[in-house]
Amino acid sequence: MPGSALISDWVDLQPLNTLALPARARYFAKIETVEQLRECLLWAQRQHVPLLVLGGGSNVILAADWPGLALHIAIKGKRIQPIVGGAEVSVGAGENWHELVQWSLAQELYGLENLTLIPGTAGAAPIQNIGAYGVEVGERLLRVRGVDLGIDLEHDFSVREISVAECELGYRDSIFKNALRNRFVITEIVLRLSEQFKPVLSYPTLREALTTIEKPTALNVEKAVRKIRQSRLPDPIALPNAGSFFKNPVITREHFARLQNNHSAIPHFLTADSYVKIPAAWLVEQSGWKGRRVGAVGVHEKQALVLIHYPGHRFDTPPAQALLDLAATIQRDVLAQFAIALELEPTVYGSH
Ligand code: FAD
Ligand code: NAP
């Protein structure tokens with residue numbers, strides 16, 4: 001028995017994950033306020049059930065029914081606090097990220113335009129330090145607010161603040177995927193946006209899309225990124241996916257030099273700390289998997305980093321298992337050919 005008006009029994013999570021994987025939550029609550037969050041956390045603690053925090057479900061693989069309480073974070077609200085040169089913008093964790101980017105541009109506040117059309121919620125953005133076209137959210141983040149389940153000895157689940165430095169943001173990484181994994185529920189993020197637009201055009205595809213415009217505005221950049229993304233990435237509503245399935249591997253210069261002997265055309269980017277980043281999409285393509293389908297799952301024909309679930313057909317292997325099997329086969333092939341261990345980008349929940 002749930003025993004809280006907020007909590008429902010056995011809720012279907014298929015509409016709440018962009019891979020459209022069939023999974024249910026034993027208990028489920030939609031969280032619209034910090035008070036509701038506290039009530040549910042207290043309930044989960046008393047019942048000794050595990051928590052699953054969900055935003056837009058665009059970076060998770062739900063491998064099985066969730067045996068505990070799934071919290072769908074839907075806390076809304078945006079506040080602007082003017083500061084010299086721009087504004088501090090506080091955003092409820094449940095706000096839609098793409099709508100936030102559009103809204104910021106309408107306020108003439110700049111810095112998020114390269115991050116347009118990324119699915120999901122504002123609260124999830126720091127979890128993997130979302131990034132695209134040369135910008136990461138960490139470059140615009142000041143702090144996050146939320147509830148730390150690990151140090152809450154008083155069980156009052158009060159909101160605390162973590163500065164951007166304490167978030168330990170890295171390449172698609174943060175403290176929330178490491179020391180604070182499954183331990184911190186973000187309720188609000190605070191960004192610093194600028195009243196002056198400074199274009200970031202380091203990515204060749206973006207620069208090329210803007211060559212005809214002498215002095216691109218923020219709206220030009222946002223539109224160009226949106227167009228490129230729409231032309232290359234499958235819409236999860238039509239073709240369920242979780243974006244990039246693997247992180248781009250970062251290898252040593254020595255390893256790279258060895259690979260270049262056999263693969264002279266290998267694309268690569270030097271990182272600030274002198275390692276070499278290899279596009280995982282290229283590795284998957286070289287291993288022969290681009291555009292291939294295995295039962296209910298496959299690799300997208302235009303973007304080899306995106307694995308697709310084709311719902312609506314029955315196969316012996318459940319789709320989440322088929323997806324993880326396909327990922328493991330790709331990882332094995334890339335490892336054999338390039339001695340590179342690809343890491344999954346989305347987080348897997350449920351037995352694996
Ligand atoms: P969810 O999938 O719901 O959750 C992801 C993780 O964050 C889970 O571990 C969850 O427990 C945790 N989490 C969610 N909300 C909270 C919260 N409030 N507090 C604590 N933990 C929380 N990513 C990029 O970086 N760049 C891209 O360009 C990009 N493009 C994409 C394109 C497509 C088509 C798709 C499907 C995905 C793409 N992604 C991209 C991945 C994804 O959109 C981002 O990682 C996004 O931030 C996930 O947000 P979400 O709300 O859907 O998170
Ligand atoms: P792309 O422009 O074809 O580039 C291929 C890869 O090369 C990308 O992975 C990118 O790394 C890297 N790259 C390109 N130019 C670079 C530069 N100047 N400096 C450093 N690295 C460079 O990539 P795409 O696949 O179409 O994606 C475009 C952008 O959207 C990328 O930033 C990508 O991360 C992002 N995206 C992310 C997801 C996701 O789910 N995480 C999904 C779709 C798109 P980075 O990936 O490190 O940027």
Side-chain angles (χ1 to χ4, degrees), residues 13 16-19 31 37 51-62 70-75 92-98 114-138 144-149 171-174 176-177 180-189 200-209 225 228-250 267-272 276-283 300 302-308 345-349:
L13 299 179
L16 290 177
N17 74 97
T18 61
L19 273 164
I31 301 297
L37 176 63
L51 281 177
L52 165 62
V53 178
L54 273 182
S58 63
N59 215 16
V60 290
I61 301 164
L62 303 181
L71 297 176
H72 179 213
I73 305 298
I75 300 171
E95 288 285 351
N96 175 276
W97 178 265
H98 174 67
N114 293 47
L115 301 176
T116 193
L117 218 60
I118 298 181
T121 54
I127 305 290
Q128 75 154 2
N129 186 19
I130 56 167
Y133 296 97
V135 174
E136 289 180 338
V137 72
V144 308
R145 300 195 176 103
V147 176
D148 187 339
L149 310 172
Y171 180 63
R172 306 288 187 268
D173 199 21
S174 73
F176 309 108
K177 292 190 110 182
L180 292 184
R181 187 184 175 91
N182 298 330
R183 229 189 77 173
F184 196 89
V185 185
I186 295 176
T187 54
E188 191 172 59
I189 65 169
V200 178
L201 303 176
S202 53
Y203 274 43
T205 36
L206 181 55
R207 258 198 324 272
E208 280 154 24
V225 172
I228 304 170
R229 291 184 69 104
Q230 281 166 339
S231 70
R232 302 190 48 161
L233 286 169
D235 178 355
I237 293 173
L239 282 177
N241 72 85
S244 304
F245 216 81
F246 304 103
K247 289 186 192 177
N248 291 322
V250 175
H268 59 282
F269 300 92
L270 268 191
T271 67
V276 185
K277 181 176 75 176
I278 312 287
W282 185 85
L283 297 168
H300 191 242
K302 287 194 201 158
Q303 172 44 286
L305 212 43
V306 177
L307 268 51
I308 308 281
E345 185 182 288
T347 307
V348 183
Y349 291 96

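Numbers here are sequence positions counted from 1. Just so you know, ligand 1 is whichever comes first in the structure, and atom 1 is the first atom listed for that ligand.
In this structure, Lys247 falls outside the shell of residues with a heavy atom less than 4.0 angstrom from ligand 2. Not a single heavy atom of Glu136 sits closer than 4.0 Å to an atom of ligand 1. Proximity of Tyr349 to ligand 1 is established by a heavy-atom distance of less than 4.0 Å. At least one heavy atom of Arg229 sits closer than 4.0 Å to an atom of ligand 1. For Trp282, the heavy-atom gap to ligand 2 stays at 4.0 angstrom or more. Within the structure, the closest approach of Phe184 to ligand 1 falls below 4.0 Å when heavy atoms are considered.
Proximity to Ala242 (heavy-atom distance under 4.0 Å) selects the following atoms of ligand 1: 35 (C), 36 (C), 37 (C). Here is the list of ligand 1 atoms found below 4.0 Å of a heavy atom in Leu54: 3 (O). Atom numbering of ligand 2 starts at 1 in the shown order; those under 4.0 Å from a heavy atom of Ser202 are 18 (N). Listed by atom number, the atoms of ligand 1 under 4.0 Å from Ala132 heavy atoms are 28 (O). Those atoms of ligand 2 that come under 4.0 Å of a heavy atom in Tyr171, given as number and element, are 45 (P), 46 (O), 47 (O). Distances below 4.0 Å separate heavy atoms of Gly131 from the following atoms of ligand 1: 24 (C), 25 (O), 26 (N), 27 (C), 28 (O). Atoms of ligand 1 found under 4.0 Å from any heavy atom of Gly120, numbered from 1 in the order shown, are 49 (O), 50 (P), 51 (O), 52 (O). Against a heavy-atom cut-off of under 4.0 Å, Thr205 is close to the following atoms of ligand 2: 2 (O). Of all atoms in ligand 2, listed by their number and element, those nearer than 4.0 Å to a heavy atom of Pro279 are 6 (C), 7 (O). Of all atoms in ligand 2, listed by their number and element, those nearer than 4.0 Å to a heavy atom of Glu345 are 39 (C), 40 (O), 41 (N). The atoms of ligand 1 that sit less than 4.0 Å from any heavy atom of Arg172 are 25 (O). Ligand 1 places these atoms under 4.0 Å from at least one heavy atom of Thr121: 49 (O), 50 (P), 51 (O). For ligand 2, the atoms lying closer than 4.0 Å to a non-hydrogen atom of Gln303 are 24 (P), 25 (O). Near Pro204, meaning under 4.0 Å from one of its heavy atoms, ligand 2 places the atoms 15 (N). Listed by number with element, the atoms of ligand 2 under 4.0 angstrom from any heavy atom of Gly243 are 40 (O).
The closest protein non-hydrogen atom to atom 3 (O) of ligand 2 is Arg232 NH1, 3.2 Å. Ranking the protein heavy atoms by distance from atom 46 (C) of ligand 1 puts Pro119 O, 3.5 Å first. Nearest protein neighbour of atom 40 (O) of ligand 2, counting heavy atoms only, is Ser244 N, 2.8 Å. Protein heavy atom nearest atom 17 (C) of ligand 2, with residue, atom name and distance: Tyr203 CE1, 3.4 Å. Regarding atom 34 (O) of ligand 2, its nearest protein heavy-atom neighbour is Arg172 NH2, 2.7 Å. From the protein, the heavy atom lying nearest to atom 11 (O) of ligand 1 is Val53 O, 2.7 Å. In terms of protein heavy-atom proximity, atom 1 (P) of ligand 1 is nearest to Gly57 N, 3.5 Å. For atom 29 (C) of ligand 2, the nearest protein heavy atom (residue, atom name, distance) is Tyr133 CE1, 3.5 Å. Considering only non-hydrogen protein atoms, atom 50 (P) of ligand 1 sits nearest to Gly56 N, 3.4 Å. Remark: minimum distance from atom 12 (C) of ligand 2 to any protein heavy atom is reached at Phe269 CE1, 3.4 Å. The protein heavy atom nearest to atom 11 (O) of ligand 2 is Lys277 NZ, 3.0 Å. Closest to atom 47 (O) of ligand 1, if we only count protein heavy atoms, is Ile130 CG2, 3.2 Å. Residue, atom and distance of the protein heavy atom nearest to atom 48 (C) of ligand 1 are Ser58 OG, 3.2 Å. Scanning all protein heavy atoms for the shortest distance to atom 39 (N) of ligand 1 gives Ile118 CG2, 4.2 Å. Atom 36 (N) of ligand 2 has Arg229 NH1, 4.2 Å as its closest protein atom, hydrogens excluded (heavy atom only). Annotation: atom 24 (C) of ligand 1 to nearest protein heavy atom, Gln128 NE2, 3.4 Å.
Between Phe184 and Phe176, the two ring planes are tilted [angle within 30° to 60°].
Leu201 CG to Leu206 CG: the interatomic distance, rounded to the nearest 0.5 Å, is 5.5 Å. The CG atom of Leu16 lies 9.0 Å from the CG atom of Leu62; values are rounded to the nearest 0.5 Å. Rounding to the nearest 0.5 Å places OG1 of Thr116 at 8.0 Å from CZ of Arg229. Expressed to the nearest 0.5 Å, how far CG of Leu115 lies from CH2 of Trp97 amounts to 5.5 Å.
The closest heavy-atom contact to atom 34 (C) of ligand 1, among the options Asn241, Thr116, Leu233, comes from Asn241. Heavy-atom proximity to atom 53 (O) of ligand 1, evaluated over Ala125, Gly92, Gly123, Ala124, is greatest for Ala124. Distances from atom 12 (C) of ligand 1 to the heavy atoms of Ile237, Leu115, Ile127 put Ile127 nearest. Of all the listed residues (Leu206, Thr271, Leu233, Asn248), Leu233 holds the heavy atom that lies closest to atom 43 (C) of ligand 2.
In this structure a side-chain-to-backbone donor-acceptor pair under 3.5 Å is present from Gln303 to Leu305. With Asn114 contributing its side chain and Val200 its backbone, the two residues share a donor-acceptor pair below 3.5 Å. For the pair Asn96 (side chain) and Gly94 (backbone), a donor-acceptor distance under 3.5 Å is absent.
In terms of heavy-atom proximity, Ala304 sits nearest to Ala281 at CB-O, 3.6 Å. Here the closest non-hydrogen pair linking Arg232 and Lys302 is O-CB, 4.0 Å. Of all non-hydrogen atoms in Leu51 and Leu149, the two that sit nearest each other are CD1-CD1, 3.6 Å.
Tested against Ile31 for a side-chain contact (heavy atoms from CB on, under 4.5 Å), the candidates Leu71, Val185, Thr187 yield a single pass: Leu71.
Both the backbone and the side chain of Ala132 come within 4.0 Å of ligand 2, counting heavy atoms alone. Under 4.0 angstrom from ligand 2, there are no non-hydrogen atoms of Val306.
When distances from atom 32 (O) of ligand 2 to the protein are checked, a heavy atom turns up under 4.0 Å.
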Stepwise, does the side chain to side chain contact (heavy atoms under 4.5 Å, CB included) test hold for Tyr349 with Asn182?
CA-CA 11 Å; Tyr349 291 96; Asn182 298 330; 3.7 Å; yes

